[in-house]
Amino acid sequence: MTPKPPEAPVATDLPPAVCVCLQTLRRRADFLACARARKAATPGFILQGRDRGDGEAIVRVGFTASKKVGNAVARNRAKRRLRALAREILPGKGRPGWDYVLVARRDETARRPFAEMQRDLAKALEKVHRAADT
RNA sequence: GCGGAUGGCCGGAUGGCCGCGGGCGGCAACGCUCGAGGAAAGUCCGGACUCCACAAGGCAACGGUGCCGGGUAACGCCCGGCCGGGGCAACCCGAGGGAAAGCGCCACAGAGAACAGACCGCUCCGCAUGCCGGAGCAAGGGUGAAACGGUGGGGCAAGGGCCCACCGCGGAGCUGGCAACAGUUCCGGCACGGCAAGCCCCACCGGGAGCAAUGCCAAAUAGGGACCUCACAUGGGCGGCCUUGGCCCGAGGUCCGGGUCGGCAGCACGAGCGCGCGGGCAACCGUGCGCCCAGAGGCAUGGCCAUCGAAGGGGGCGACCCCGGAACAGAAUCCGGCUUACAGGCCAUCCGCGCGC
C-alpha cells in the first residue's frame, strides 16, 4: 500500500470552470471515422481521435470493447474504467470540436494502475493533436 | 468423535471523496431517493402479451409426451406413491404404455439366436467288434449380453412338464387401495427370448411468428389524391384523319392518406415479495397485515482511498505474527421451470460405526 498524501486527492486538479459537455458517440459511422483518423497506442488502451470540422465546440467520446477483451463482465469493467478516465481528463485536455474513441485491451485495461492510465491518456492526446497540427 | 445421506441458505463488510442511470421536488443552483443475479447465462420446455391465419367440430399428416394420484395459468416442471435395480442404512438411480397387430435387427463366439438345433456327449440294438451302422435323448460340458422355464423328487435303457411339489408365467375370482399396484385362493399347461432411444400401434397434447412483436404522434425532401384560384397564351400528347369542342402535361394555396429520420407507448403493481394464521404428509392453496423492489436504448449500477476481512501460503512449542486478498459471473418485454458454471462457508434433519454415562 503506497501511502498517499491525503490533501492531494486525484480529482481536485481538474479545471473547475470547464463545462463538462461530453457527449457519447452513438453511430457506427462516427466510430469508423475515428478509426480512420489519428491513433495513439498505450499499454492500457488505444486512443483514436479526429476533428469533426463541423464548427460545433462540443467534445464527444466513444468506447469500444470487443469480444477480444473477454466475456461480458470483462468488457463492462473495461468500458467503465475508460469512462471514468474520460470524465477526468477529456474536459481539460480534449479539444473542442473533436471526437475521441477509447479502445479497450484484454486484461491491461482492467489491470493497469489508474494513475498511470491518466498520464497515458494525457500523453496520447498530445500525440494525436500534434499529428493533426503538422 | 469419525464417516456418510438429504434439504435449504449465504456467497465479501463498513465508511469517505468524485461520478453514472431512473424517479420525486425545485425557475434554477441543487436536494432526496432507488439502482444486477442465484444463476441476470444456455435459449431447452411451458405460459402471459401482440400481430397474422382459421374461427363449431371431424379426418389426415407432422411434432411432442408416456407407471399412478395430486399441484399448477401451463409444462417435458414439482410433490406424494407404485414397480424394478443399487446400498448394512439414511437414501439414491430408472424416457418406467404396447413385443400372445405387423415389419425389421440380434455383431463376435457358438451345434443352434426364433415357428429351433446337435459340436463334445449319454443310452439301447445290430453285427463284419470298428475312428462301424441304426434308433432314441437334450439332462451334463462348452459359447454368448441373451440358449426355448428354474430347484428338488419320482420315473426311465438313457432322458425329457413325461408326472408331482414349490417358484416363475398366464387366466379367473376375492380382499385392501381413488389408482398404479399389493396380498391371497382356484384353474391351466409349459404354450409366450431381447430391442419400441429402428419402424410401428395406442392414449393424450399441439395453428404460425415474435417486443427489432405491435400501436400512436410525426419534420425536411421527393412523390400520390381531392378541392379552389390563376394561366388557359405558345408548345406537346389523347380520341384513325381534318375543323370545332373536350381532357391531360403548368404555377400558387388549402386539406387528406401513406410514410423515412426522430419521439412516445408497449416497459415493470406483478400467476409480485415478506411476515403471521388456517388447510394439506407434501408440492401447494386460502386469508390478514405490511412493502414497492433496476428499467437503459452506445446500453447506468463506476473510479480512487481508508478500516476490517474468509480460503490459501510461510514462521513459531504456543498465544500469535507475516504474506495474501475473494468463486461463477453483468439485467434488456415479463413470468414458471429445466440445464450448465461456481472459491469458500453456514444451518437443519437423518443413517452407520466408535467412546462415555
Side-chain angles (χ1 to χ4, degrees):
Chain A
M1 296 301 158
T2 316
K4 292 196 76 151
E7 69 274 9
V10 180
T12 48
D13 52 357
L14 279 178
V18 170
C19 163
V20 190
C21 44
L22 282 176
Q23 286 189 355
T24 50
L25 294 183
R26 287 160 196 267
R27 292 177 195 287
R28 178 172 163 79
D30 293 331
F31 281 88
L32 293 177
C34 272
R36 282 192 302 267
R38 309 291 172 190
K39 277 183 208 169
T42 77
F45 57 89
I46 297 169
L47 174 73
Q48 300 168 340
R50 69 173 184 123
D51 186 354
R52 284 192 311 279
D54 59 0
E56 295 285 327
I58 55 171
V59 176
R60 299 195 301 179
V61 64
F63 305 94
T64 296
S66 71
K67 289 265 174 107
K68 273 191 290 187
V69 173
N71 62 11
V73 172
R75 293 198 300 274
N76 272 340
R77 170 144 179 89
K79 279 199 280 189
R80 284 177 190 138
R81 293 198 92 207
L82 293 178
R83 239 194 300 276
L85 196 62
R87 273 187 214 112
E88 294 191 4
I89 304 296
L90 281 182
K93 303 274 173 63
R95 285 194 176 180
W98 277 56
D99 282 351
Y100 300 98
V101 170
L102 292 167
V103 182
R105 292 192 152 175
R106 184 178 185 87
D107 301 331
E108 280 305 311
T109 302
R111 211 158 48 196
R112 189 166 171 80
F114 200 73
E116 293 184 29
M117 302 248 293
Q118 290 174 313
R119 285 195 291 275
D120 290 343
L121 180 55
K123 273 196 276 183
L125 282 169
E126 286 175 25
K127 183 182 172 191
V128 166
H129 292 156
R130 207 165 45 238
D133 292 338
T134 55

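Values below: all heavy atoms of this structure, side chains included; hydrogens, waters and symmetry mates excluded. Lettering follows sequence order; numbering is per chain, from 1.
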Expected rows: protein N/O vs nucleotides 35-38 of chain B N/O, under 3.5 Å:
unit_1	atom_1	unit_2	atom_2	d
B/rA36	N1	A/R80	NH2	3.4

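If you check B/rG210 for Watson-Crick or wobble pairing at under 3.5 angstrom, you find it paired to B/rC49. Taking a pair to require two hydrogen-bonding distances under 3.5 Å in either a Watson-Crick or a G-U wobble arrangement, B/rG25 pairs with B/rC30. Shown here, B/rG223 forms no base pair; nothing in the strands shown gives a Watson-Crick or G-U wobble contact with both key distances under 3.5 Å. With both pairing distances under 3.5 Å, B/rC261 is matched to nothing as a Watson-Crick or G-U wobble pair. Nucleotide B/rC328 has B/rG37 as its partner under the Watson-Crick or G-U criteria, with both atom distances under 3.5 Å.
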For residues 122-132 of chain A, please give each side-chain donor-acceptor pair under 3.5 Å, one per line with the distance, not counting sequence neighbours.
unit_1	atom_1	unit_2	atom_2	d
A/H129	ND1	A/L125	O	3.2
A/H129	NE2	A/Y100	OH	2.7

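Partners of A/R119 by side chain to side chain donor-acceptor pair (under 3.5 Å), not counting sequence neighbours: none found. Every side-chain contact (heavy atoms from CB on, under 4.5 Å) that A/R75 has, sequence neighbours left out, goes to A/A65, A/K67, A/V69, A/A72. A/R112 is linked by a salt bridge (Lys or Arg N to Asp or Glu O under 4.0 Å) to A/E116, A/D120, counting only residues two or more places apart in sequence or in another chain.
A/R83 contributes atom CZ, which lies 10.5 Å from atom CG of A/L102 (distance to the nearest 0.5 angstrom).
For the OP1/OP2 pair of B/rC299 and a distance below 4.0 Å, the side-chain nitrogens and oxygens of A/R75 include no atom meeting the criterion. An OP1 or OP2 oxygen of B/rG298 is reached within less than 4.0 angstrom by no side-chain nitrogen or oxygen of A/R83.
Applying the salt bridge (Lys or Arg N to Asp or Glu O under 4.0 Å) test to every pair with at least one member in residues 89-104 of chain A, sequence neighbours left out, gives these pairs: A/R50-A/D99, A/R52-A/D99, A/R60-A/D99, A/R95-A/D133.
Look at the P atom in both B/rC169 and B/rA116: the space between them is 24 Å, to the nearest Å. B/rA329 and B/rC350 have their P atoms separated by 38 Å, given to the nearest Å.
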